[in-house]
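Reviewing the structure listed below.
Worth saying up front: this structure is predicted, and the values here are computed from it rather than measured. Naming: A, B, ... by sequence-line order, numbering from 1 per chain. Note: hydrogens, waters and symmetry copies are ignored here, and every other heavy atom, side chains too, is used.
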Amino acid sequence: MSVDLRVALGSLDLANPVMTASGTFASGREFSDFIDLNRLGAIVTKGVSARPWPGNASPRIAETASGMLNSIGLQNPGVDAFVATDLTWLAQHAPCVPVIVNVSGHSVAEYVEVIERLESASGVVGYELNISCPNVDTGGMAFGTSCAAAGNVVRACRPATQRPLIVKLSPNVTDIAEIARAVQAEGADAVSLINTLLGMAVDARTRRPKLSRVVGGLSGPAIKPVALRMVWQVAAAVSIPVVGMGGIMTAEDAIEFLIAGATAVAVGTGNFVDPTTTIRVLDGIEEWCRSSGVASVRELIGSLEVGA
Amino acid sequence: MSVDLRVALGSLDLANPVMTASGTFASGREFSDFIDLNRLGAIVTKGVSARPWPGNASPRIAETASGMLNSIGLQNPGVDAFVATDLTWLAQHAPCVPVIVNVSGHSVAEYVEVIERLESASGVVGYELNISCPNVDTGGMAFGTSCAAAGNVVRACRPATQRPLIVKLSPNVTDIAEIARAVQAEGADAVSLINTLLGMAVDARTRRPKLSRVVGGLSGPAIKPVALRMVWQVAAAVSIPVVGMGGIMTAEDAIEFLIAGATAVAVGTGNFVDPTTTIRVLDGIEEWCRSSGVASVRELIGSLEVGA
Amino acid sequence: MTTPERPFIERVDVLTNTRIAPGVGLMVLHAPRCARAVQPGQFVHLRLGAGTDTILRRPFSIHRAYQDTIEILYQVLGAGTLRLAEKRPGDDSMDLVGPLGHGWQVPTNTAHALLVGGGLGAAPLGMLAEHLAASGVAVVVAQGAPTAERLVARELFERVARRVDVATDDGSAGELGFVTSVTARLLDAERFDVVYLCGPEVMERAVIAQCVQHSVPCQVSLERLMACGVGACLSCVVSTRSGLKRACVDGPVFDAEEVLFDASEIPPKH
Amino acid sequence: MTTPERPFIERVDVLTNTRIAPGVGLMVLHAPRCARAVQPGQFVHLRLGAGTDTILRRPFSIHRAYQDTIEILYQVLGAGTLRLAEKRPGDDSMDLVGPLGHGWQVPTNTAHALLVGGGLGAAPLGMLAEHLAASGVAVVVAQGAPTAERLVARELFERVARRVDVATDDGSAGELGFVTSVTARLLDAERFDVVYLCGPEVMERAVIAQCVQHSVPCQVSLERLMACGVGACLSCVVSTRSGLKRACVDGPVFDAEEVLFDASEIPPKH
Ligand SMILES: Cc1cc2nc3c(=O)[nH]c(=O)nc-3n(C[C@H](O)[C@H](O)[C@H](O)COP(=O)(O)OP(=O)(O)OC[C@H]3O[C@@H](n4cnc5c(N)ncnc54)[C@H](O)[C@@H]3O)c2cc1C
Ligand SMILES: Cc1cc2nc3c(=O)[nH]c(=O)nc-3n(C[C@H](O)[C@H](O)[C@H](O)COP(=O)(O)OP(=O)(O)OC[C@H]3O[C@@H](n4cnc5c(N)ncnc54)[C@H](O)[C@@H]3O)c2cc1C
Ligand SMILES: Cc1cc2nc3c(=O)[nH]c(=O)nc-3n(C[C@H](O)[C@H](O)[C@H](O)COP(=O)(O)O)c2cc1C
Ligand SMILES: Cc1cc2nc3c(=O)[nH]c(=O)nc-3n(C[C@H](O)[C@H](O)[C@H](O)COP(=O)(O)O)c2cc1C
Ligand code: FES
Ligand code: FES
């Protein structure tokens with residue numbers, strides 16, 4: 001039996017549902033030693049801003065139980081350098097994989113600026129608006145924790161492009177479904193979730209935070225239950241597709257997200273643990289579908305059976 | 001060197017900062033086979049409501065990476081039965097340990113009713129108002145996710161008692177510091193946090209949620225980074241003491257919470273992993289203080305050094 | 001039997017760990033204190049090692065206990081039992097909380113008992129069979145499993161029982177089919193003083209119905225997901241005629257007539 | 001040296017794992033592909049086993065490589081290195097990503113090199129010392145450690161170096177005090193073509209200052225917390241005169257003059 005792995009994020013057709021989570025995969029080059037990038041459903045690049053950002057001071061990570069904290073802070077060389085190096089490399093070395101650029105901004109205007117600059121770049125199939133980064137002082141998560149602010153970003157970006165806009169949601173909110181509805185109302189083509197949970201680690205011996213920025217974003221298997229719950233809530237609240245992520249390490253994890261309502265999934269921290277995680281997940285989904293008699297991965301999406 | 005372990009939650013003096021987290025320790029009886037209850041800083045009982053609650057259907061728990069989900073749903077026999085059995089047993093078998101009753105309600109009036117019934121009971125030193133249970137349909141977390149609702153509960157309960165009121169906060173909010181300030185303004189004597197993070201687990205094979213209630217509360221080491229962050233934020237936002245909890249398994253974990261700003265700590269899921277966890281944590285804190293030259297555990301509270 | 005001893009924590013050493021059938025292991029543990037205190041039908045709550053990976057303890061019936069050792073029969077189902085299967089002799093990373101729970105009760109004047117085990121349900125019946133036989137009770141065993149090789153503890157039963165009747169799903173031993181046809185036949189043919197029952201819930205319900213029909217008292221051992229194992233967390237509740245009970249302290253063995261089987265069973269994997 | 005091979009994943013088998021000093025272990029791993037590809041100063045990113053307990057890989061310098069094996073010298077500091085210390089010969093639960101990073105460079109016409117190691121900083125210098133000696137470079141080693149027994153790899157250095165000068169915090173071997181007085185003396189007395197340096201950051205800074213003063217080019221190996229190890233996550237950044245660099249791919253070995261030591265060092269535990 002051959003399994004149909006294709007899924008669609010609005011107008012964006014993907015060969016399969018396995019994507020990379022922004023910030024954990026750079027633009028893919030570093031992983032090309034380990035996997036065939038062209039097999040991925042999509043690459044979501046690291047966050048790109050209009051001008052270079054230096055990121056935060058070190059230490060920038062801390063290990064936690066079944067997870068990690070990061071406070072990288074969106075270090076990136078700015079959109080021009082990104083186009084010149086990353087997009088050029090991708091066009092040459094991974095011509096078949098759809099590239100979605102994760103867009104960051106200190107201000108609403110900066111999001112728009114990044115998109116405008118990328119509109120002329122070929123090899124970009126869509127944008128993921130990161131309104132949920134917990135690691136920057138201005139912008140970032142502040143945009144993702146109120147409906148009004150989240151809506152504003154999307155409203156400003158929407159006219160700037162015909163390409164699909166995916167909005168990356170923050171889990172650090174009372175009601176994520178409400179934010180999802182707000183960005184859907186402003187024309188978002190999809191939502192992706194979850195970004196990291198705001199957390200902290202303390203070194204008892206030195207009485208100092210383990211991250212120089214004190215707080216950072218929690219990712220990895222530890223957050224999977226929260227991520228699944230939010231994907232389920234959001235999928236029930238909106239009609240646009242949901243990209244699910246948070247602690248995906250295995251095909252089974254990914255399938256759980258699909259069942260909970262995600263149309264596609266993204267692997268983040270899993271890339272650090274095993275640089276072939278994306279492909280393992282992809283092959284595992286196919287194998288699982290085959291052995292479970294599932295002809296199309298789309299049958300899984302939102303197939304959770306609730307109630308007796 | 002002898003270490004001074006005493007801490008105070010407002011007017012409530014505790015011999016040491018190690019408490020039990022509500023719902024994980026019943027009223028202590030089940031743990032008296034393993035530890036000397038009288039050594040605890042305080043016992044926080046399971047949630048008690050005015051009338052009996054049946055709780056949710058099974059399955060009620062699911063294991064997750066470094067954590068667990070529960071949807072017990074505050075099953076309890078009601079305040080009268082609680083007084084007759086639990087308080088009576090405690091008075092006889094653990095006369096030295098301060099007992100704080102965790103109070104639940106479907107309505108604001110029910111919280112008040114429970115407190116009024118307990119006012120005449122001796123052997124209760126204070127109340128913890130659970131406005132953050134994610135496992136009940138009415139009441140529970142709904143009270144803990146807005147400042148107004150949280151404030152209302154405290155405002156109604158405050159006149160009913162002179163005993164200390166500790167308010168148990170939900171982490172499932174955008175800004176926990178704001179809720180903490182709201183309950184402080186209404187006269188709370190302390191806040192305790194965090195209750196569980198709302199999560200979910202899916203069985204890929206059966207395509208069903210692992211909990212019969214679909215969603216449940218995530219606890220254990222997985223949530224420690226989120227708990228530490230919230231304790232730190234809340235301790236900075238209010239002047240009343242903070243009881244910290246979430247994933248405490250070792251003395252070092254507990255010390256991290258104290259350093260982040262907690263005046264006392266509570267052990268929850270850790271009791272399931274090792275029924276002596278509370279005492280191991282207590283002994284470990286003392287030993288750590290001794291070997292680090294800390295004369296009083298109070299020196300640790302909020303001693304986090306931030307900045308260069 | 002005497003009043004059960006209060007539970008304690010005991011570090012255990014793995015003496016042997018053997019695969020006895022596909023996906024089934026027999027673990028012999030050095031646990032002197034538990035070996036002496038345990039009563040038939042009780043269980044231990046096993047911590048599988050340090051670390052927070054499989055953070056919760058796992059409940060296992062004590063299959064047998066003698067001298068300083070206890071035996072556990074386990075089926076590999078998930079992360080925890082996989083970890084168990086990987087333990088080697090000499091491993092000392094585990095500890096138990098136990099002995100836990102309310103075990104099998106032997107009514108006075110019991111002379112003739114039927115033990116019914118489905119799959120790993122045979123595990124908690126081992127020690128019971130030995131105790132009953134030693135005290136002169138005539139033991140009959142009805143056992144079911146998918147295949148002959150998964151009729152675990154069969155030798156033990158053959159050794160101490162007057163009669164062992166088996167059924168297998170594939171007919172590789174005994175009757176082809178379910179153990180419920182064996183029990184139906186036995187209950188029709190003989191008068192038992194008591195039936196002791198453990199297996200998948202669907203099978204337990206069927207056998208209980210037969211016992212009711214024949215007016216034979218039945219005790220049933222139930223499985224529930226357990227966090228604390230000591231009665232504190234209420235994750236293991238069982239609906240009974242006298243309200244919600246905790247499988248870990250009020251059970252795992254219940255009077256069959258007490259139990260209301262509502263739709264709360266653990267999704268059967270085995 | 002040739003252009004480094006691209007990194008790969010390789011399953012490793014533990015051949016031996018020996019405690020060679022208090023809190024220090026030497027692990028010999030069967031890793032044939034890595035053994036052949038590695039260049040001095042490179043490291044492996046080691047997955048310590050299945051499960052999510054110590055979820056991140058741990059970076060370790062390759063101390064030596066020969067035939068099908070690589071050697072790792074490690075200090076037990078936390079959960080991961082504790083887990084490493086518990087590995088037994090035959091363990092096959094680990095895999096490596098490697099060889100990673102930009103290693104030591106040998107400038108053309110190097111004839112006389114000083115290797116400076118503080119504590120476990122000796123680890124990445126082992127293979128380098130052997131390679132330099134084999135290619136006819138005169139190697140001098142300055143080594144420091146808390147005590148004589150923690151002068152790890154001392155035999156290797158004695159074997160291949162023209163001279164090994166040591167200092168210990170307690171005077172149990174060589175000079176009493178820090179290795180920096182040894183290096184000060186050596187740099188005063190001799191003209192080196194290059195200094196290779198690895199140790200605690202405070203010691204590295206002091207030696208770099210000495211090198212600057214004596215106008216001797218210096219290469220330094222830096223430690224940073226690393227998540228991916230392959231250049232993707234930006235957790236390991238080092239401030240340099242040419243901007244932020246990644247220790248895992250642009251380093252761990254840097255031209256000492258390039259590095260701006262800002263206050264970002266890992267809190268020293270050892
Ligand atoms: C009182 C009692 C006695 C038992 N005796 C035995 C025995 O003698 N032999 C045997 O093979 N099994 C026995 N079981 C079932 C055994 O505990 C589970 O099969 C085991 O916990 C599965 O763990 P896992 O990590 O492999 O599976 P997973 O499904 O990965 O476990 C996930 C979680 O679910 C729990 N769980 C899963 N299945 C069950 C189950 N059927 N019952 C209870 N908890 C479960 C686990 O404890 C864990 O918390 C008993 C259960 C109970 C309650
Ligand atoms: C390129 C490189 C080469 C190294 N080579 C060696 C070596 O040959 N021998 C040796 O003993 N050590 C070496 N280290 C340090 C070693 O990686 C750490 O000591 C080890 O990761 C500590 O892990 P832990 O779990 O025991 O400590 P924990 O503190 O519990 O680890 C928690 C986290 O912090 C990280 N971490 C802690 N200390 C360090 C550190 N000093 N450097 C980098 N990450 C750290 C861990 O990787 C982990 O992610 C090297 C580090 C780097 C970056
Ligand atoms: C080191 C690191 C860097 C990240 N950088 C970004 C980023 O630049 N933009 C973004 O939207 N999300 C970023 N994230 C969040 C991830 O894309 C993802 O949402 C989150 O890590 C949860 O998935 P995981 O558990 O699989 O890692 C980053 C995560 C990590 C661990
Ligand atoms: C099984 C279980 C039951 C709980 N019941 C209650 C409760 O009745 N009232 C309450 O305020 N918190 C309850 N909690 C939350 C805990 O008190 C605690 O806030 C939370 O578990 C985090 O701490 P931990 O990670 O140490 O478990 C319960 C937690 C668990 C795991
Ligand atoms: S397992 Fe906790 S009450 Fe039974
Ligand atoms: S460790 Fe990820 S970039 Fe260096």
Side-chain angles (χ1 to χ4, degrees), chain B residues 20 23-35 45-47 52-77 203 205-212 216 219-222 224 247 249-250 268-276, chain C residues 4-11 37 45-59 77-80 95-100 201 222-239 243-249 260-269:
Chain B
T20 61
T24 66
F25 203 73
S27 292
R29 182 175 188 161
E30 289 75 7
F31 288 86
S32 64
D33 290 322
F34 305 99
I35 60 166
T45 71
K46 64 187 170 190
W53 286 8
N56 295 314
S58 295
R60 292 176 164 190
I61 57 167
E63 193 181 53
T64 67
S66 296
M68 65 177 284
L69 290 164
N70 89 79
S71 59
I72 308 297
L74 298 179
Q75 177 188 332
N76 83 92
D203 185 328
R205 205 174 46 82
T206 60
R207 298 199 200 173
R208 295 183 63 84
K210 289 194 182 171
L211 298 176
S212 85
S219 63
K224 192 180 79 168
M249 312 291 286
T250 67
T269 304
N271 293 307
F272 307 156
V273 179
D274 174 358
T276 68
Chain C
E5 196 177 316
R6 302 302 311 157
F8 44 81
I9 303 177
E10 185 173 27
R11 187 160 285 280
H45 214 22
L46 210 53
R47 184 168 182 190
L48 302 176
T52 57
D53 233 356
T54 43
I55 188 172
L56 294 177
R57 290 174 180 268
R58 300 291 194 265
L77 290 176
D95 62 50
L96 62 79
V97 170
L100 293 172
E201 220 158 282
L222 300 177
E223 283 188 7
R224 284 293 180 278
L225 298 181
M226 292 182 175
C228 74
V230 299
C233 71
L234 305 181
S235 52
C236 64
V237 289
V238 173
S239 308
L244 290 173
K245 298 283 179 185
R246 297 160 299 177
C248 65
V249 290
L260 303 172
F261 289 91
D262 45 21
S264 65
E265 67 184 302
I266 298 166
K269 287 202 208 171

Nearest 0.5 Å, what's the [atom1]-[atom2] distance between [X] and [Y]?
X: B/Leu211; Y: C/Ser235; atom1: CG; atom2: OG; value: 11.0 Å
X: B/Asp274; Y: C/Ile9; atom1: CG; atom2: CD1; value: 4.5 Å
X: C/Ile55; Y: B/Thr64; atom1: CD1; atom2: OG1; value: 8.0 Å
X: C/Met226; Y: B/Phe272; atom1: CE; atom2: CZ; value: 13.0 Å
X: B/Ile72; Y: C/Cys233; atom1: CD1; atom2: SG; value: 5.5 Å

Margin query: Taking C/Arg57 first and then B/Glu63, would you say they form a salt bridge - that is, a charged N and a carboxylate O separated by under 4.0 Å?
Written below: no
Proximity breakdown for [X] and chain C, heavy-atom pairs closer than 4.5 Å:
X: B/Ile61; answer: both
X: B/Phe25; answer: backbone
X: B/Ser212; answer: neither
X: B/Asp33; answer: both

- Task: Compare all side-chain heavy atoms of B/Gln75 with those of C/Leu244 and state whether any distance is below 4.5 angstrom.
- Result: yes
Checklist line | Side-chain touch C/Val230/B/Phe34, heavy atoms, less than 4.5 angstrom | finding: yes
Given C/Gly243, C/Gly51, C/Pro7, C/Ala79, the one with more heavy-atom pairs under 4.5 angstrom with chain B than any other is C/Pro7
Smallest heavy-atom separation, B/Met68 atom then C/Ala227 atom, equals CE-CB, 4.0 Å
Checked B/Thr276, B/Val273, B/Thr24 vs chain C; the most non-hydrogen pairs under 4.5 Å come from B/Val273
Turns out that what part of C/Val97 lies under 4.5 Å from chain B's heavy atoms comes down to side chain
*Atom CZ of B/Arg207 with >12 non-hydrogen neighbours under 6.0 angstrom*: yes
Report task. Under the side-chain contact (heavy atoms from CB on, under 4.5 Å) rule, what do C/Val237 and B/Ser58 come out as? Steps first, then yes or no, please. Result -> CA-CA 7 Å; C/Val237 289; B/Ser58 295; 3.8 Å; yes
Exercise for review: Output yes when a side-chain donor or acceptor of B/Arg60 lies under 3.5 Å from a complementary backbone atom of C/Leu234, and no otherwise.
Suggested key: yes
